[in-house]
Amino acid sequence: MFKGIFFARGLTILAAVLAAAPCWSAVSAQEAARLGADLTPMGAERAGNADGTIPEWTGGIKSAADAGFPNFKSGEHHPDPFASDSALFTITPANMGQYAAKLTEGHKKLLQTYPDYKLIVYPTHRSAAFPQRIYAATKRIATTTNLAPGGNGVTGAAEGIPFPIPKQGVEIFWNHVLRFRAEAFQRTYGQAPVTAGGSYTLVKLKEDALIQYSLPGMTQAGLNNIITYFIQETTQPARLAGEILLVQETLDQSKDNRKAWIYNPGQRRVRRAPNVAFDNPGTNSDNLRTSDQLDMYNGSPERYDWKLVGRKEMYVPYNSYRLASGSIKYADILKKGHINQDLPRYELHRVWVVDSTLKPGTSHVYSRRTLYVDEDSWQILAVDCYDSRGQLYRVQEGHAMNYYELPDLWTALELVMDLSNGRYLAMDLQNEEPKSYDFSVRRTPADYQPNALQMRGVR
């Protein structure tokens, strides 16, 4: 009996030790040598597919001049390099069976739910490109990067993609979180919670960020465990204006969780906001997204078990310049049930499919999430979100394009579509804004401290 007790205690202690131990994930020098060879510098398959419907990656769009717009100025709405392309075919509820093997479960459900829903498919362009220093950093850290205990963070990494040759699902989550977007940026955009009848009150948000992880020459020590400094201010409607959120996002969340503060204009006070995480409602989203659905998926992966399903060819939103065009109005995009599906562009791309299921004893409104992650950029392009009964509940889309002045592949529009009530949330609406992203801003960590937040709120 006593031997059994001691044996059981030993197993418990061993389990605790294993949970606390580092999760070794670094690849060998031989594997890393594939980056820039048969693999792209970001870890994608360089070659096209067998039937030629996915071409070889040849470098992507490396600059505005490379896109065909040498006079483009940063901050302008991006002209479409592929505007002359003709559609290959259209997927509708009537013919979806023909294409089902390359459709996400979310897209299948949308086609089944809305008789007028469609996906217009165009030729595939592997337009993703990034600065050469990001490629060099990715290869440099591939042999040093590891998961933190429990997969809840990353060690031995800065500047580059941490796991360009992934072996586990959670590594792909971190590739998305730590992908290059910019060094710093400022933008104003619209967010529209659209009712089942098609009406909405536009919310305007101003965001300002320093993505410290991606700064040139950054090291893990230099980060002080902070990936990103982020401020989000609501500027309209008047009843919501003045609310400000400050977030300091951490790299190794097994050591230190996200730090967040909120400035309330009514109280004129800055308060800690530990609940700005996981499934708490996103800022002024009318409960149509959770905090961790901004930028498709953010924060900590700790509440889920992660399974790497593999790489598949899928029809996904890509090169979505029309949705960011300055010649289109918000009312042209936002329609009843879903956005105007004449405007999005879908292409056939290889994506990493990752399934995350809620751990026993933890809570989240989504019991399971399936991620579809672009192999060329690590940008999440779609997510299927399931409720506690295992039913498909919400569908996310990240309509991506190359911000070729950097260059960088990022979203032009993000959607969260609620299948339970016919409502949806559209984020990152830039069409009617005088300027798109401003990537020329210069910031330091001192700009993102709680005292700076209070000064900003009362100015």
Side-chain angles (χ1 to χ4, degrees), residues 15 19 23 100 103-114 147-153 166 168-177 193 196 249 253-254 257-258 274-283 285-312 314 316-317 338 351-373 378-398 414-425 427:
C23 303
L103 291 173
T104 69
E105 293 304 311
H107 282 141
K108 292 176 190 175
K109 191 66 174 179
L110 288 164
L111 286 161
Q112 292 165 354
T113 302
Y114 299 106
L147 290 169
N152 197 28
Q168 305 176 60
V170 73
E171 294 175 0
I172 292 178
F173 166 86
W174 283 113
N175 285 350
H176 169 79
V177 170
E249 189 72 299
Q253 301 201 13
S254 69
N257 291 329
R258 164 187 289 172
N275 292 330
V276 178
F278 300 111
D279 58 352
N280 282 280
T283 303
S285 64
D286 206 14
N287 289 317
L288 283 168
R289 75 163 175 88
T290 57
S291 288
D292 61 10
Q293 285 181 294
L294 184 69
D295 196 30
M296 299 302 288
Y297 203 146
N298 72 81
S300 166
E302 67 184 69
R303 295 191 181 181
Y304 290 87
D305 289 318
W306 296 80
K307 177 184 177 183
L308 178 54
V309 177
R311 199 158 16 191
K312 296 181 65 176
M314 310 286 288
V316 287
H338 52 78
V351 297
W352 289 99
V353 182
V354 179
D355 219 21
S356 60
T357 53
L358 196 62
K359 291 179 179 177
T362 61
S363 63
H364 200 289
V365 294
Y366 304 133
S367 65
R368 174 187 167 201
R369 288 193 265 195
T370 304
L371 282 57
Y372 304 89
V373 186
W378 303 105
Q379 169 70 52
I380 296 174
L381 300 173
V383 186
D384 298 333
C385 306
Y386 295 81
D387 64 18
S388 59
R389 301 167 300 164
Q391 302 297 310
L392 195 56
Y393 174 23
R394 287 174 174 165
V395 178
Q396 289 176 257
E397 281 188 325
E414 291 186 21
L415 299 172
V416 184
M417 293 165 278
D418 195 322
L419 295 166
S420 70
N421 56 25
R423 302 173 67 211
Y424 67 93
L425 182 72
M427 297 175 283

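Heads up: numbering here begins at 1 and tracks the sequence.
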- prompt: Where the side chain of S291 meets the backbone of D279, is there a donor-acceptor pair that is under 3.5 Å apart?
  reply: no
query: Within a reach of under 6.0 Å around NZ of K109, are more than 12 heavy atoms found that belong to other residues, nucleotides or ligands?
result: no
field: Value rounded to 0.5 Å, distance of CG in D305 from OG1 in T362
entry: 8.0 Å
Spacing of CD1 belonging to I380 relative to CG belonging to D295, to within rounding of 0.5 Å: 8.0 Å
query: Should M417 and T113 be marked as a side-chain contact (heavy atoms from CB on, under 4.5 Å) after you check the CA-CA gap, both sets of side-chain angles, and the distance that decides it?
result: CA-CA 12 Å; M417 293 165 278; T113 302; over 6 Å; no
message: In the structure I gave you, are the side-chain heavy atoms of V354 and V170 within less than 4.5 Å of one another anywhere?
response: no
message: Do T357 and R368 have side chains that approach each other closer than 4.5 Å (heavy atoms only, starting at C-beta)?
response: yes
field: Partner set under salt bridge (charged side-chain N to carboxylate O under 4.0 Å, His left out) for R369, not counting sequence neighbours
entry: D292
- prompt: Is any side-chain heavy atom of Y386 less than 4.5 Å from a side-chain heavy atom of T370?
  reply: yes
query: Under the 3.5 angstrom rule, does the side chain of R303 hit a backbone N or O of S363 as a donor-acceptor pair?
result: yes
message: Looking at W174 and G151, would you say the former's side chain and the latter's main chain have a donor-acceptor pair under 3.5 Å?
response: yes
- prompt: Is there side-chain contact between V351 and V373, with at least one heavy-atom pair below 4.5 Å?
  reply: no
field: Side-chain donor or acceptor of E414 paired with backbone N/O of M296 under 3.5 Å
entry: yes
- prompt: H107: what forms a ring-ring contact (aromatic ring centres under 6.0 Å, His included) with it, not counting sequence neighbours?
  reply: Y346
Main-chain N/O of W378 paired with H176 side-chain donor or acceptor, under 3.5 Å: yes
- request: Run the numbers on N152 and S300 for side-chain hydrogen bond (donor to acceptor under 3.5 Å, both in side chains), then give the verdict.
  value: CA-CA 6 Å; N152 197 28; S300 166; 2.7 Å; yes
- prompt: Rounded to the nearest 0.5 Å, how far apart are OG of S356 and CD1 of I172?
  reply: 12.0 Å
- request: Go through the steps for Q293 and Q396 under the test side-chain hydrogen bond (donor to acceptor under 3.5 Å, both in side chains), then give the verdict.
  value: CA-CA 9 Å; Q293 285 181 294; Q396 289 176 257; 2.9 Å; yes
- request: Mind checking salt bridge (charged side-chain N to carboxylate O under 4.0 Å, His left out) for E249 and listing every partner two or more places apart, or none if nothing turns up?
  value: R258
task: Output yes when a side-chain donor or acceptor of D384 lies under 3.5 Å from a complementary backbone atom of G106, and no otherwise.
output: yes
Residues that D286 engages under side-chain contact (heavy atoms from CB on, under 4.5 Å), provided they are two or more places apart: P193, R423
field: Separation of L371 CG from C385 SG (nearest 0.5 Å)
entry: 8.5 Å
- line: Separation between CD (E397) and OG1 (T104), nearest 0.5 Å, reads 7.5 Å
- prompt: Would you find a donor on one side and an acceptor on the other, under 3.5 Å apart, between the side chain of W306 and the backbone of P301?
  reply: yes
field: Contact check, side chains of Y304 and L358, non-hydrogen atoms, under 4.5 Å
entry: yes
message: I want to check something: taking the side chain as every heavy atom from C-beta on, are V309 and D355 in contact at a cut-off of under 4.5 Å?
response: yes
- request: Please list, chain by chain and in numerical order, all residues satisfying ring-ring contact (aromatic ring centres under 6.0 Å, His included) with F278, sequence neighbours excluded.
  value: none
Set of residues satisfying ring-ring contact (aromatic ring centres under 6.0 Å, His included) with respect to Y366, sequence neighbours excluded: H364, Y393
- prompt: In Å and rounded to the nearest 0.5 Å, what is the CG to CD distance from L308 to Q168?
  reply: 9.0 Å
